[in-house]
Amino acid sequence: MKTTKDFAPVLQSFFENYLVKERGVSAHTVRAYRDAFVQLIEYLDERRGIKPERITFELLDKSLLLDFLNWLEEEKHCSVPTRNQRCVAIRSFCQYLMYVLPEQMGRWKQICSIPMKKGTGQPMNYLSVEAVKCILEQIDTSSRQGLRNLTMLSLLYNSGARVQELIDLTPSSIRRDKPYAINLVGKGSKCRVVPLDEDIMKLLVKYMKAFSLYDNEKSRNPLFSNTWGEKLSTPGITYVIKKYAAMARVLHPDIIPDKISPHVFRHTRAMHLLQAGVNLIYIRDILGHVSVQTTEVYARADSKQKREALEKAYAEVGITEPKVKSWEKNSKLKEYLRSLA
């Protein structure tokens, strides 16, 4: 059945009316959904030869969208979690279409039935304390940009913030009186207060003075901005991290991983807090997790704590390594015994 509605205005209404006005989703969710449809449009152009202005609802079916999701993995080398995020965006759009184009509800239900793909569990990527120090030591703070980068990456680690939470910070987000703290706005526009230590606060004060961010008229400006005074982007911050990580890797290739991202700093902060004996409940509040079950992933990933716990358990019950008997050290005797076989 051919529909009289055009694809472009319905997609625009999905973003502007349904997502923003009706559901009130966060800007982060809007960006994630936007990226999904940008890639879908790119797929239709590259794989199917269909230009954006020629996209119609008749093109969208389960078979095409499954091919799109496979294209993301095979051609764009997206991870399984990214593939699933794109799938969620498309399913949300199709749920919206059930109300806008109910005459094709069967088609939209079929698309919504596309399941999430199970991925292989990957070990959590986080840095040692020495690795964090090594990366930060590569930053030349004699320039304004260097001072910004040191402050930005130090705060990213110290606060355990998500990269978008860091991007959205303004000077008014910082509590400059004791107890020092920072106000972060996370997923679902939920606010949380994260305490800051004195060292990071001194660095923030130095940075804010150098960039005149104490002025009242700049209280709503981005805390970290580019040359034009605009918010930094996730790719921009990722570039900064990779730049200094590459420099640190030359000096210490054994402790700097090949893959590093802003989220690695968040994982790293959580692991270091856990290793310092901080309760999971407090780590949950710092990270802004809804449930402590989400935070428990750090406890499961900390092999050092597991090893120390096992060693302690052995010691408490008197289990020790068996002593090597003297005859086992005699190589000639062992050779003789093997010959008997």
Side-chain angles (χ1 to χ4, degrees), residues 1-122 162-164 186-189 233-235 259 261 263 290-291 293-294 297:
M1 180 187 296
K2 186 173 178 61
T3 178
T4 57
K5 292 184 181 292
D6 291 332
F7 178 81
V10 173
L11 181 62
Q12 184 175 347
S13 177
F14 168 70
F15 276 96
E16 295 180 357
N17 296 322
Y18 178 68
L19 290 181
V20 177
K21 294 180 181 178
E22 293 182 31
R23 288 187 53 195
V25 302
S26 67
H28 179 77
T29 300
V30 171
R31 281 188 291 270
Y33 281 28
R34 175 205 61 193
D35 292 344
F37 282 95
V38 166
Q39 288 182 316
L40 176 60
I41 291 168
E42 184 182 351
Y43 157 81
L44 289 171
D45 189 8
E46 288 186 12
R47 182 65 70 87
R48 303 291 178 113
I50 300 169
K51 297 297 179 184
E53 63 272 14
R54 296 183 58 196
I55 298 174
T56 63
F57 287 108
E58 285 68 37
L59 292 169
L60 302 182
D61 59 28
K62 185 175 181 178
S63 175
L64 179 140
L65 292 170
L66 281 171
D67 189 53
F68 162 64
L69 294 172
N70 291 333
W71 174 82
L72 286 176
E73 288 188 85
E74 296 166 6
E75 300 292 330
K76 294 300 178 181
H77 307 293
C78 292
S79 64
V80 171
T82 300
R83 177 195 190 274
N84 288 338
Q85 287 173 359
R86 304 301 182 246
C87 185
V88 167
I90 291 167
R91 283 165 59 169
S92 179
F93 181 55
C94 288
Q95 288 167 354
Y96 171 70
L97 291 179
M98 289 182 189
Y99 297 93
V100 177
L101 297 170
E103 65 273 18
Q104 298 192 47
M105 186 172 291
R107 182 196 295 263
W108 314 137
K109 278 190 171 184
Q110 279 192 335
I111 295 172
C112 288
S113 70
I114 297 175
M116 298 293 103
K117 185 172 183 178
K118 291 184 179 180
T120 55
Q122 297 293 328
R162 300 179 180 93
V163 65
Q164 191 58 50
K187 291 182 178 180
S189 299
S233 63
T234 298
K259 292 185 178 180
S261 67
H263 212 69
V290 174
S291 169
Q293 291 179 337
T294 308
V297 67

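Sequence positions, counted from 1, serve as the residue numbers for this chain.
Minimum interatomic distance between Cys87 and Pro115 (heavy atoms only, all atoms of both residues): SG-O, 4.4 Å. Heavy-atom minimum distance, Arg23 versus Ser92: NH1-OG, 3.4 Å. A pairwise comparison of heavy atoms in Ser113 and Lys62 identifies OG-NZ, 3.3 Å as the closest pair. Leu97 and Phe57 get closest at one heavy-atom pair: CD2-CE2, 3.7 Å. Cys94 and Trp108 get closest at one heavy-atom pair: O-CB, 3.7 Å. Heavy atoms only, all atoms of each residue included: Leu64 and Tyr43 are closest at O-OH, 3.7 Å.
Atom CD of residue Glu53 and atom CD1 of residue Ile41 lie 10.5 Å apart, to the nearest 0.5 angstrom. We find the CZ-CD1 distance between Arg107 and Ile111 to be 7.0 Å, quoted to the nearest 0.5 Å. Rounded to the nearest 0.5 angstrom, Asp35 CG and Glu42 CD are separated by 11.0 Å. Considering CG of Leu65 and CG of Asn70, their distance stands at 11.0 Å, rounded to 0.5 Å. Within the model, atoms CG of Leu60 and CZ of Phe93 stand 7.0 Å from one another, a figure rounded to the nearest 0.5 Å. Distance check: Met116 CE to Asn84 CG gives 5.0 Å after rounding to the nearest 0.5 Å.
Counting non-hydrogen atoms of neighbouring residues, nucleotides and ligands closer than 6.0 angstrom, the CZ atom of Arg54 reaches no more than 12 such neighbours.
A donor-acceptor contact shorter than 3.5 Å is absent between the side chain of Asp6 and the backbone of Ala8. Here the side chain of Arg91 pairs a donor or acceptor atom with the backbone of Ile114 at under 3.5 angstrom.
In this structure the side chain of Glu73 reaches within 4.5 angstrom of the side chain of Val80, judged on heavy atoms. Side-chain contact between Phe14 and Leu19 is present, with heavy atoms from C-beta onward closer than 4.5 Å. With a 4.5 Å cut-off on side-chain heavy atoms, Gln39 and Cys78 count as touching. Using a 4.5 Å cut-off on side-chain heavy atoms (C-beta onward), Met98 and Cys112 make contact. In this structure, the side chains of Glu46 and Glu75 stay at 4.5 Å or more apart for every pair of heavy atoms. Contact of the Arg48 side chain with the Leu59 side chain is not registered, since no non-hydrogen atoms from C-beta on lie closer than 4.5 Å.
Counting only residues at least two apart or in different chains, side chain to side chain donor-acceptor pair (under 3.5 Å) contacts with residues 8-20 comprise Gln12-Glu16, Ser13-Asn17, Ser13-Tyr96.
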As a quick check of understanding, evaluate side chain to side chain contact (heavy atoms under 4.5 Å, CB included) for Thr56 and Ile50, giving each step before the final call. CA-CA 10 Å; Thr56 63; Ile50 300 169; over 6 Å; no

Kindly determine whether Thr234 and Gln164 satisfy side chain to side chain contact (heavy atoms under 4.5 Å, CB included), including the steps that lead there. CA-CA 7 Å; Thr234 298; Gln164 191 58 50; 4.2 Å; yes

